[in-house]
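Have a look at the structure below before the remarks.
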Amino acid sequence: MITNKKHIIFFYNVLLIFAIFIIPCLPAYSQLSPGKLSKAHSHLEGLNNCTKCHELGEKISEKKCLDCHKELNIRISQDKGYHKSKNIKGRSCISCHSDHHGLNFEMIRFDKKNFNHNLTGYELKDKHIIEDCAKCHKDANVSDPNIKKLDKTFLGLDTKCLTCHDDYHQKTLSNDCAKCHNYKGFKPAPLFNHDKSDFPLNGAHEKQKCESCHKKELRAGKEFQVFSGIPFKSCSACHEDPHHGEFGTNCSSCHNEVSFHQIKANSNFNHNLTGFELEGKHKIIDCKKCHDSRPGTKGNYKEFEAIPSINCLTCHIDEHEKKFSSKCEDCHNQQTFKINSKLKDFNHTLTGYSLEGKHNTVDCKKCHTGTKMTNPLPHDKCAVCHTDYHKGEFANTKYNDCNACHSTAGFTESSFDFDKHEKSAFSLSGAHIATPCISCHKKSAEWKFRDIGIKCVDCHDNIHSGHISNEIMPANDCKKCHSDDSWNIISFDHNKTKFKLEGKHNRTECRKCHITYENNKIISQKFLGLENKCISCHENKHEDQFTENGETDCKRCHGFENWDRSNFNHDNAAFKLDGAHNKVSCEKCHFREQRKGKEIVIYKNGKLLCSDCHK
């Protein structure tokens, strides 16, 4: 008894080799086949063709099935069709399509009456539900030539309507029939909504039969009904114009779609065509308020035909009793008889006062507050109408009226320029020229121009207060040191102090000696009582070697330009250099030593005798 799986596989392989190579020589080889193949697979008969469907030692190969049935393989790879449905997915081909049952065996077999067509991805509805599958699944409806060659296939149909049905509209409409039709029948088209078309139906149009506009005709030898390309931009495309173009082509400006006999009270009729443009309230009044079929006229909206020139007084009473011109529009508009806020065409110069700048945009009633616009108004000074913003600051000066500094363009801008400032108590110079007016004249909520001070300290903080003597800076006069071009420009004469600047001191910034900063902020400053000894600012690198009477005078050896020995003369020292000593470098005699944690050069080493250095 064979129990080992490997032994079983080996046994079948041997048996298959025997069947392929030995049995063909025997008269009884046909007894190895389970049975004849069906007609579709009959070309695969013979032991030499077994491996075209079978794998050695394995079951039927799904891959080999789909290698032959390429069209079906494409559908499965696209996740489409019946073979990718939940009922079939995961099943082997042979579970439904087995073979070796005889030449006439039907490999494709199913209950067509009860077949669930939804599994194909295309649900059958209404008139599509028919018993004879062949009415749809036929060669005439298949476009792919490769699928057309196949015998008894259900592949090749598209889900578009025109795959099976003729295009009644002959490519004049969209090929998506389902936008208008359903599966119950092509007539009527229940899904079509005329409101979503370019011409929604309203009024009397709703009651018309389709054929009234959509005429039937023969086209390409077939019955055809026109649905596209019908002109509808104007009413005259379908209707006769009884006005013969006299009022244009836009009938809807006067008429509506309910009836041509209904005239709109407030229509969109282009009244310009009559020679009289409607503006303002003329646009909204009932036409019959003017077109009243008055006696002596033709009526029927031609009441003004005989009047050569129509103006306001043609209809309205002149309330001014001819005191002004007949051009009412100079002061009024067609919206109301109230005076225009902006009389754009009224010539105000005739009143003796020309309007300029912002006066042109002011409502007349802001100035003309009386009952009549013709009442005289004083206008010799701005203050007659305008409040004195400066509250009398300029009352007793030559600038006592607004127009001395401002214009009618607005109060924001000022004509008070540098030349005028030059003649004031404070002439602008330096950085003051570039300083905006607001910095000095509006330090609080209100502007102030007079009595604001002319000294530096009236506007600027004296940061040196208490640090510099009155002798150097009398009356807090910053200009004694600084320029009004910039605070950083300093022109102080240091010779006035007890410390004359020489050499590099002349090129050193004041703050290096007098002010201490930390994070760009002044921590301390010292001008008064500042010592003038070198060691007050500079480190004494010689310790107390040159200290005399408690002081070290660096100037005895060093100059102000560099720390070099420009002032030192060895002849004045305790050891005068002679002979070869003049050529010896200082380091040969003056060595470096560590003292108090610092390295210093020993100059006073006490070696004055030859024997101190030469042994």
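Keep in mind the model is a prediction, meaning the values are calculated, not measured.
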In this structure, are over 12 heavy atoms from other groups packed under 6.0 Å from Asp195 atom CG? yes

With distance as the sole test, does Asp166 use its side chain to make a donor-acceptor pair with the main-chain N or O of Tyr168 at under 3.5 Å? no

Closest non-hydrogen atoms of Gly81 and Arg75, given as atom of the first, atom of the second and distance, are CA-NH2, 3.5 Å

Within 6.0 angstrom of Glu131 CD, more than 12 heavy atoms from elsewhere: no

Do Glu211 and Lys209 meet the salt-bridge criterion of a basic N to acidic O distance under 4.0 Å? no

Just checking Asp198: does its CG atom have more than 12 heavy atoms from other residues, nucleotides or ligands closer to it than 6.0 angstrom? no

Output, in order, the C-alpha distance, side-chain angles, deciding distance and verdict of side-chain contact (heavy atoms from CB on, under 4.5 Å) for Ile307 and Thr314. CA-CA 9 Å; Ile307 301 174; Thr314 302; 3.9 Å; yes

Can you name the nearest heavy-atom pair linking Cys65 to Ile60, along with the distance? SG-CG2, 4.1 Å

Go through His271 and Thr274 one step at a time and tell me if the side-chain hydrogen bond (donor to acceptor under 3.5 Å, both in side chains) criterion holds. CA-CA 6 Å; His271 212 278; Thr274 68; 3.0 Å; yes

Leu37 and His100: side-chain contact (heavy atoms from CB on, under 4.5 Å), yes or no, with the steps? CA-CA 4 Å; Leu37 294 173; His100 289 291; 3.4 Å; yes

Does atom NZ of Lys442 have more than 12 heavy-atom neighbours, drawn from other residues, nucleotides or ligands, at distances under 6.0 Å? yes

Side chain to side chain, Cys136 and Leu157, heavy atoms closer than 4.5 Å: yes

For a 4.5 angstrom cut-off between non-hydrogen side-chain atoms, does Ile129 reach Asp126? no

Are the charged groups of Asp286 and Lys288 less than 4.0 angstrom apart, N to O? no

Residue Ile317 excluded, over 12 heavy atoms near CD1 under 6.0 Å: no

Centroid-centroid distance, Phe115 to Tyr82, less than 6.0 Å: yes

Ignoring hydrogens, what is the shortest heavy-atom contact between Thr172 and Ser228? Give both atom names and the distance. O-OG, 3.2 Å

Looking at every heavy atom in both Val142 and Lys148, which two are closest together, and how far apart are they? O-CE, 3.0 Å

Students often mix this up, so state it plainly: with edges at 30° and 60°, are the rings of His181 and Phe186 parallel, tilted or perpendicular? perpendicular

Between Ile147 and Thr153, is any pair of side-chain heavy atoms under 4.5 Å apart? yes

Can a donor-acceptor pair be found, under 3.5 Å and without considering hydrogens, that links the side chain of Asp99 to the backbone of Ser38? yes

Taking the side chain as C-beta and beyond, is there a heavy-atom pair between Cys177 and His165 under 4.5 Å? no

Hey, would you say the Phe304 and His291 ring centroids sit under 6.0 Å apart? yes

Any luck finding a side-chain donor-acceptor pair between Gln225 and His214 under 3.5 Å? no

Glu55 vs Lys64, test: side-chain contact (heavy atoms from CB on, under 4.5 Å). Steps then yes/no. CA-CA 9 Å; Glu55 296 282 358; Lys64 289 188 176 184; 3.3 Å; yes

Short side-chain to backbone donor-acceptor contact, His406 and Glu413, under 3.5 Å: yes

Over 60° means perpendicular and under 30° means parallel, so tell me whether Phe411 and His386 are parallel, tilted or perpendicular. perpendicular

Evaluation steps, side-chain contact (heavy atoms from CB on, under 4.5 Å), between Phe105 and Lys36: CA-CA 9 Å; Phe105 180 71; Lys36 287 284 186 180; over 6 Å; no

Would you find a donor on one side and an acceptor on the other, under 3.5 Å apart, between the side chain of Asn333 and the backbone of Thr336? yes

For residues Ile76 and Lys84, determine if any side-chain heavy atom of one lies less than 4.5 Å from a side-chain heavy atom of the other. yes

Pick one: which of His41, Lys152, Lys39, His101 meets side-chain contact (heavy atoms from CB on, under 4.5 Å) with Met107? His41

Are the side chains of Leu201 and Gln208 in contact, using a 4.5 Å heavy-atom criterion? no

Hey, is NZ on Lys52 packed in by over 12 heavy atoms from elsewhere, all under 6.0 Å? no

Atom CD of Glu240: over 12 foreign heavy atoms under 6.0 Å: no

What one should report as the nearest heavy-atom pair of Phe199 and His194 is O-ND1, 2.7 Å

Closer than 3.5 angstrom, by distance alone: can the side chain of Asn73 be matched with the main-chain N or O of His69 as a donor-acceptor pair? no

Closest approach of Trp447 to Tyr389 (non-hydrogen atoms, all atoms of both residues): CD1-OH, 3.2 Å

